[in-house]
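Per chain, numbering begins at 1; letters A, B, ... match sequence-line order.
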There are 2 protein chains.
Amino acid sequence: MSDVGIKDVAARAGVSPGTVSNVLNRPEKVSPATRERVEAAVRELGFVRHGSASTLRAGHSKTIGLSVIDIGNPFFTDVTAGVEEVASSLGYAVILSNSAGSRAKEERNLLVLAEQRVRGVLITPSDEDPARLDRLRKRGISVVLVDHPAHCPDQCSVAVNDVGGGMTAVRHLMDTGARSIVYVTGPLTIRQCLDRRAGAERAFGRPLRVIEMGAMTPRAGQQAAEKLLAEGDLPDAVFCANDLLALGLMRGLTHAGVRVPDDVALIGYDDIDFAAASAVSLTSIRQPTHQLGRVATELLLDECDNPATHAHQQIMFQPELVVRESTR
Amino acid sequence: MSDVGIKDVAARAGVSPGTVSNVLNRPEKVSPATRERVEAAVRELGFVRHGSASTLRAGHSKTIGLSVIDIGNPFFTDVTAGVEEVASSLGYAVILSNSAGSRAKEERNLLVLAEQRVRGVLITPSDEDPARLDRLRKRGISVVLVDHPAHCPDQCSVAVNDVGGGMTAVRHLMDTGARSIVYVTGPLTIRQCLDRRAGAERAFGRPLRVIEMGAMTPRAGQQAAEKLLAEGDLPDAVFCANDLLALGLMRGLTHAGVRVPDDVALIGYDDIDFAAASAVSLTSIRQPTHQLGRVATELLLDECDNPATHAHQQIMFQPELVVRESTR
DNA sequence: CCGGGCCAGAAAAACGTTTCAAATTTGTCC
DNA sequence: GGACAAATTTGAAACGTTTTTCTGGCCCGG
């Protein structure tokens, strides 16, 4: 049962190994009668193609790599689900690797992917350095950037318009009557945090008061609330760089007797599942995460399968405002 | 740059291909002088081992498969992170597949894993049928069950004691003075929901009032709250089969003017990040998810690397009570 | 000085597929 | 019925490693 090869199938079906291979890879090239005979033999023997041998000889594999920054983050989880969906429907296997924000680990992971001779790589790069990716491309491995706009037009990328999202958020707050707004954010070394601020300030017309936290967690959000309260001067509204911060902040404010949205309106970013579930449901900016993964994968596989006709695309999705109780 | 093989390295270093292979796989077998020369050549040429050729010849790969039921569920996400961590630290690549609860998709994914000749598979099976897994084992692929206790002692498994968790939850509610308790759950076809109820009732001493919802989401929790309120007879406490239900329920109760924990105490299950972040933080039962993934992977790789000395283990983790405001 | 045992490295045979040119069969048309 | 083209099928080489068997030199004891 264990090691039936293509030869065994060939013997059983009374054909040559080459024909079995044809049945497997180009069924249309072989007459219906023999095809059926071979397929029967495959079933009877429980034959499973040896992927490595196939990859070795054919020169390309049926796997793609996915390198994300934080597998624990719901954003990437959703992206991953989209990737897995498309890849598996096309018969591709997805090798997952998590750089955990470490450049060294990312490098190691990319090496593993190169060894596995993946067909292509989907990556949310942990920094701007394009050298590693160029090296992959030199090896014939296609690369698509995920949640990161490409700088040069010679590669594909999918991203979400964070500047636009920031604008939408603040415009909405202003529409509900806010005159003073605070931006609570994670580290301003993160592109997303920066872009969202840029958009927010563009909508606001002038610089925003900013509270920068070291992390983007509920805990950090609660600390931000304390900071805000300590400063004394409560704004009309707060824009948080993600929902985790916003939920923590909401909790902090509520516990201090500040009412949301009556005293302070609040908007988050990402629209995670729990945004709708909190005591006062959270207005947020939704990103098409699942679609991000799907489209990135489609782009990658198109690049792999039709290198001749493939045109590189830099796709930018628009995020969407979801209004709930926290800004009413 | 693209296709430098072991031969090129050998030529460059002035040795035979076999020696290069030895440097790569059993460095101790080759003299320090030549080893260094070969390593230099590897660096200079940017050689990357061709994983498929290696797998083909060596008969085993450096990849493992991970098949989960729902990649979007934070529980599995955490498990996945643990798996990735251990696997990548040992140089293994992880092929991720998502069965999305569909038996057919699980089957397809396992086939892909078999084609890739993964060394072993970590799987949260979508049903009880052991036939598929036996088939894998027949092919020499080790299998470790994740979040599912093994029935037979001839395989490894890691799981969390859901009966114990249910007991802990209800015992805690009773300790805080609850006399009447309702169990809000997802489909009772799910093993976890059943086990938790069993434990809960064992602690309670008699059957619990049960509200069974079709899903385990915040929305379902909110509907459960409506149901509870409609029935009129409010209990002292509610035990929810997971945190998503609990958060939805909390929101539903709060909006109806019922105070948590003053009117009704509330405990969830899973201790997701947001449990601590809600307006009234949620008491919950924490599962060692990350560790679940880590240990499962260690077990699997031990089984692969030391088949002789490996002893199958069925590990059962104990969940842990985390007390917060919703039961004070 | 000689011979046996050892060690480092070499050479060649796999591993299981795919591919491609060549061979064979089938079909078509006069 | 025969010739030619088209459609199938065959057979062997090749993909890049690992592994096993061998070879030649070296060390050491006798």
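- Using a 4.0 Å cut-off, no side-chain N or O of A:T55 falls inside it from OP1 or OP2 of D:dC15.
- The stretch residues 303-310 of chain A has no heavy atom under 4.0 angstrom from DNA chain D at all.
- Between the OG atom of A:S97 and the CZ atom of A:R108 there is a distance of 11.0 Å, given to the nearest 0.5 Å.
- Residue pairs meeting the side chain to side chain donor-acceptor pair (under 3.5 Å) criterion with at least one partner in residues 36-45 of chain B, sequence neighbours excluded, are B:R12-B:E44.
- In this structure, A:E115 does not pair ionically with B:K62, as no charged nitrogen and carboxylate oxygen lie closer than 4.0 Å.
- To the nearest angstrom, C1' of D:dT18 lies 13 Å from NE2 of A:H50.
- At the heavy-atom level, B:G5 lies under 4.0 Å from the strands shown only through sugar-phosphate atoms.
- A straight line from CG of A:N25 to P of C:dG16 spans 17 Å, rounded to a whole angstrom.
- Between A:S52 and A:H60, the residue whose closest nucleotide on DNA chain C is further toward the 5' end is A:S52.
- Using a 4.0 Å heavy-atom cutoff across all strands shown, A:T34 reaches sugar-phosphate atoms only and no base atom.
- For the atom pair CG of A:D302 and NE2 of A:H310, the computed distance is 5.5 Å after rounding to the nearest 0.5 Å.
- The side chain of B:R26 contributes an N or O atom lying less than 4.0 Å from OP1 or OP2 of D:dT19.
- The interatomic distance linking B:K7 (NZ) with C:dA12 (P) rounds to 12 Å, in whole Å.
- In this structure, A:R117 places its CZ atom 9 Å from P of D:dG16, rounding to the nearest Å.
- Residue A:F47 has its side chain nearest to C:dT17 when only C:dA10, C:dT17, D:dT17 are considered.
- In this structure, the CD1 atom of B:I6 is 12 Å from the C1' atom of D:dT19, given to the nearest Å.
- When the side-chain nitrogen and oxygen atoms of B:R49 are compared with OP1 and OP2 of D:dT18, one or more of them lie within a distance under 4.0 Å.
- Note: A:L292 CG to A:T297 OG1 = 9.5 Å, rounded to the nearest 0.5 Å.
- For B:A58, counting side-chain heavy atoms from C-beta on, the closest listed nucleotide (C:dT18, D:dT9, D:dT19) is D:dT19.
- Counting only N and O atoms by type, the side chains of B:Q287 and B:D78 include no donor and acceptor under 3.5 Å apart.
- At a threshold of 4.0 angstrom between heavy atoms, the contacts of B:S21 include nucleobase atoms, whether or not backbone atoms are also involved.
- Scanning atom types as modelled, one donor and one acceptor separated by under 3.5 angstrom connect the side chain of B:R57 and the base of D:dT18.
- Residue B:V30 is classed as a sugar-phosphate contact, given heavy-atom separations below 4.0 Å to backbone atoms only.
- Among residues two or more places apart in sequence or in another chain, the side chain to side chain contact (heavy atoms under 4.5 Å, CB included) test is passed with A:H60 by A:A58, A:R119.
- Neither OP1 nor OP2 of C:dG9 sits under 4.0 Å from any side-chain N or O of B:S16.
- With rounding to whole Å, B:L45 atom CG is found 15 Å from D:dG16 atom C1'.
- Note on A:V20: nothing from the nucleic acid sits closer than 4.0 angstrom, heavy atoms only.
- Under the side chain to side chain contact (heavy atoms under 4.5 Å, CB included) test applied with A:I141, the options A:L113, A:L136, A:L110 reduce to a single match, A:L136.
- If you check D:dT17, C:dT18, C:dC15 against the side chain of B:L56, the one that comes closest is C:dC15.
- Considering only side-chain N and O atoms, B:T19 lies under 4.0 angstrom from the phosphate OP1 or OP2 of C:dA10.
- Here B:R137 does not pair with B:D154 in a salt bridge; the nearest charged N to carboxylate O distance is not below 4.0 Å.
- Rounded to an integer number of Å, the gap from CD of B:E28 to P of C:dC7 is 13 Å.
- Taking the side chain of A:S31 as heavy atoms from C-beta on, and the options D:dT8, D:dT17, C:dT17, the nearest nucleotide is D:dT8.
- Across the protein-nucleic acid pair, B:K62 atom NZ and D:dT18 atom C1' stand 15 Å apart, rounded to whole Å.
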